[in-house]
Amino acid sequence: MSDWILVVDDDSANLRMASRILSAEDMRVSCLKSGEDALKFLLDNKPDIILLDIHMHGMDGFETLTAIRENGDTAHIPIIFLTADDDSQTESRALKAGAMDFIKKPFVPEVLLLRVRHTIDLIRLEEDMHHEAAIMTQEIVKQHEKMETITMQIVKALAGAIDAKDTYTNGHSTRVAEYAKEIAKRAGYSETAQNDIYMMGLLHDVGKIGIADTIINKTSKLTDEEYAIIKTHPVMGDKILKNISEFPKLAIGARWHHERYDGRGYPDGIAGDSIPLEARIIAVADAYDAMSSKRSYRDNLPQEVVRGEVAKGNGTQFDPTFADIMLTMIDEDVDYQMKEK
């Protein structure tokens with residue numbers, strides 16, 4: 001398909017000359033004699049380029065260009081100004097107004113053709129580059145989404161392996177992650193932060209991989225020595241996850257989800273805001289799921305008992321902000337659906 005050129009000039013001789021020169025190169029040419037006619041023409045027609053005279057009766061070239069640029073349907077059409085003026089001020093004004101080029105009259109056929117062809121080629125190149133950039137961007141996004149999906153599948157598989165070590169806590173990591181994400185959402189954190197906390201929740205117990213199954217699945221009371229071993233799982237989890245350089249915060253939930261707001265937790269005994277907020281959120285979610293899940297020695301605790309324990313730990317074991325949110329979630333759960341099924 002040939003390139004379509006609109007020439008706007010109130011001099012009939014200039015229109016004939018431009019039309020003859022451009023048509024000889026198999027270009028489609030439309031000629032108009034005023035800015036007003038050009039604007040009407042552009043309502044239903046979209047040429048590839050406009051050659052626009054500056055000095056015309058009625059609307060001059062600058063007024064016409066402004067109107068074209070203000071219309072979203074025509075703003076993208078490249079414009080070359082035509083003029084017999086021979087001063088740098090006019091040329092500078094034309095370029096600042098948004099013209100892509102500037103052609104002096106009377107036309108030199110070779111110059112007119114070169115300027116028009118150069119502008120068309122430049123526009124086509126920009127369009128091709130935008131198209132290629134869009135394709136590349138889509139491909140990058142697809143690859144990123146694919147990697148995120150793969151990463152999440154790996155993390156969930158690992159979380160499943162962690163939970164499988166304990167016969168009585170199947171699905172614990174997933175539930176903790178879901179509760180933690182909901183708390184973060186209600187606390188006003190961004191979707192990115194919510195997703196990060198979800199990932200941390202899935203892997204908060206990863207250190208239990210290094211704990212013997214006989215201790216994890218013991219149905220009787222743990223000895224002091226066994227309990228001391230259990231308490232090493234946050235540090236083990238930290239050692240496992242801190243080597244993931246692409247997600248340095250991933251280890252936060254693993255190391256500090258057993259810290260207490262009053263500083264009486266483990267492994268580091270830190271308190272209050274010194275505990276990373278993600279760990280403070282996961283701590284509430286983890287404690288809630290521990291109470292609302294089945295154990296070898298008991299069934300799910302009644303909802304009112306769980307609520308009472310969360311309220312009791314508000315401000316001591318738990319950050320008050322996140323404990324309050326958890327209490328609201330419990331109160332909204334009138335049928336006690338937030339528990340191990």
Side-chain angles (χ1 to χ4, degrees), residues 143-166 168-185 187 189-213 215-217 226-261 263-290 293 317-319 322:
Q143 290 297 323
H144 180 68
E145 291 175 346
K146 182 178 179 180
M147 288 304 299
E148 284 189 334
T149 299
I150 292 172
T151 300
M152 183 57 72
Q153 289 174 345
I154 292 172
V155 169
K156 285 186 175 180
L158 182 56
I162 298 164
D163 289 349
K165 286 179 66 68
D166 189 339
Y168 300 98
T169 58
N170 187 36
H172 169 71
S173 296
T174 299
R175 290 191 299 274
V176 169
E178 290 172 350
Y179 299 152
K181 183 176 181 179
E182 180 62 22
I183 293 171
K185 179 181 178 181
Y189 293 104
S190 69
E191 186 173 349
T192 298
Q194 293 172 39
N195 291 334
D196 287 349
I197 289 171
Y198 180 82
M199 191 85 77
M200 293 178 201
L202 284 174
L203 296 179
H204 76 283
D205 269 345
V206 69
K208 286 185 177 179
I209 286 179
I211 306 297
D213 292 354
I215 296 177
I216 290 179
N217 291 305
E226 289 168 337
Y227 184 57
I229 292 173
I230 284 285
K231 289 175 66 175
T232 65
H233 80 271
V235 174
M236 288 186 181
D238 178 46
K239 288 180 179 178
I240 292 170
L241 298 178
K242 71 180 181 181
N243 294 318
I244 303 176
S245 59
E246 293 301 314
F247 196 168
K249 294 177 66 176
L250 191 58
I252 287 174
R255 184 175 185 95
W256 290 300
H257 67 281
H258 281 298
E259 298 292 351
R260 290 173 53 104
Y261 198 68
R264 296 168 57 198
Y266 64 90
D268 299 313
I270 54 179
D273 292 344
S274 296
I275 306 169
L277 69 89
E278 297 92 344
R280 281 178 266 151
I281 291 174
I282 292 171
V284 179
D286 182 45
Y288 174 85
D289 189 68
S293 298
Q317 183 176 354
F318 309 121
D319 182 315
F322 305 129

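Below, all heavy atoms of this structure are taken into account, side chains as well, without hydrogens, waters or symmetry copies.
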Interatomic spacing from [atom1] in [X] to [atom2] in [Y] - rounded to 0.5 Å:
{"X": "Met236", "Y": "Ile229", "atom1": "CE", "atom2": "CD1", "result": "8.0 Å"}
{"X": "Lys181", "Y": "Asn195", "atom1": "NZ", "atom2": "CG", "result": "4.5 Å"}
{"X": "Arg280", "Y": "Asp273", "atom1": "CZ", "atom2": "CG", "result": "5.0 Å"}
{"X": "Asp238", "Y": "Asp268", "atom1": "CG", "atom2": "CG", "result": "8.5 Å"}

Between [Y] and [X], is there a side-chain heavy-atom distance shorter than 4.5 Å?
{"X": "His204", "Y": "Ser173", "value": "yes"}
{"X": "Gln194", "Y": "Ile197", "value": "no"}
{"X": "Trp256", "Y": "Pro234", "value": "no"}
{"X": "Thr232", "Y": "Ile211", "value": "yes"}
{"X": "His233", "Y": "Ile209", "value": "no"}
{"X": "Val284", "Y": "Asp319", "value": "no"}

Can you check whether [Y]'s main-chain N or O pairs, donor with acceptor, with [X]'s side chain at less than 3.5 Å?
{"X": "Glu259", "Y": "Ala279", "answer": "no"}
{"X": "Asp286", "Y": "Ile282", "answer": "no"}
{"X": "His257", "Y": "Gly253", "answer": "yes"}

Under the ring pair (Phe, Tyr, Trp, His ring centres under 6.0 Å) test, which residues partner [X], sequence neighbours left out?
{"X": "Tyr266", "value": "His258"}
{"X": "Phe318", "value": "none"}
{"X": "Tyr261", "value": "none"}

Considering residues at least two apart in sequence or located in another chain, which fulfil the side chain to side chain donor-acceptor pair (under 3.5 Å) criterion with Lys249?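 If we apply the side chain to side chain donor-acceptor pair (under 3.5 Å) test to Lys249, skipping adjacent residues, the hits are Glu278.
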
Mind checking side chain to side chain donor-acceptor pair (under 3.5 Å) for Asp289 and listing every partner two or more places apart, or none if nothing turns up? His172, Arg175, Ser293

Measure across [X] and [Y] and return the closest heavy-atom pair with its distance rounded to 0.1 Å.
{"X": "Ala177", "Y": "Gly201", "result": "CB-C, 3.9 Å"}
{"X": "Leu250", "Y": "Met199", "result": "CD1-CG, 3.6 Å"}
{"X": "Pro267", "Y": "Val235", "result": "CB-CG2, 3.8 Å"}
{"X": "Leu203", "Y": "Ala254", "result": "O-CB, 4.0 Å"}
{"X": "Lys242", "Y": "Ala251", "result": "N-CB, 3.9 Å"}
{"X": "Ile281", "Y": "Tyr189", "result": "CD1-CE1, 4.2 Å"}

Test side chain to side chain contact (heavy atoms under 4.5 Å, CB included) on Val176 and Tyr288 and set out the steps. CA-CA 8 Å; Val176 169; Tyr288 174 85; over 6 Å; no

Qualifying residues under salt bridge (Lys or Arg N to Asp or Glu O under 4.0 Å), relative to Glu178, sequence neighbours excluded: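 With neighbours one apart ignored, the set is empty.
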
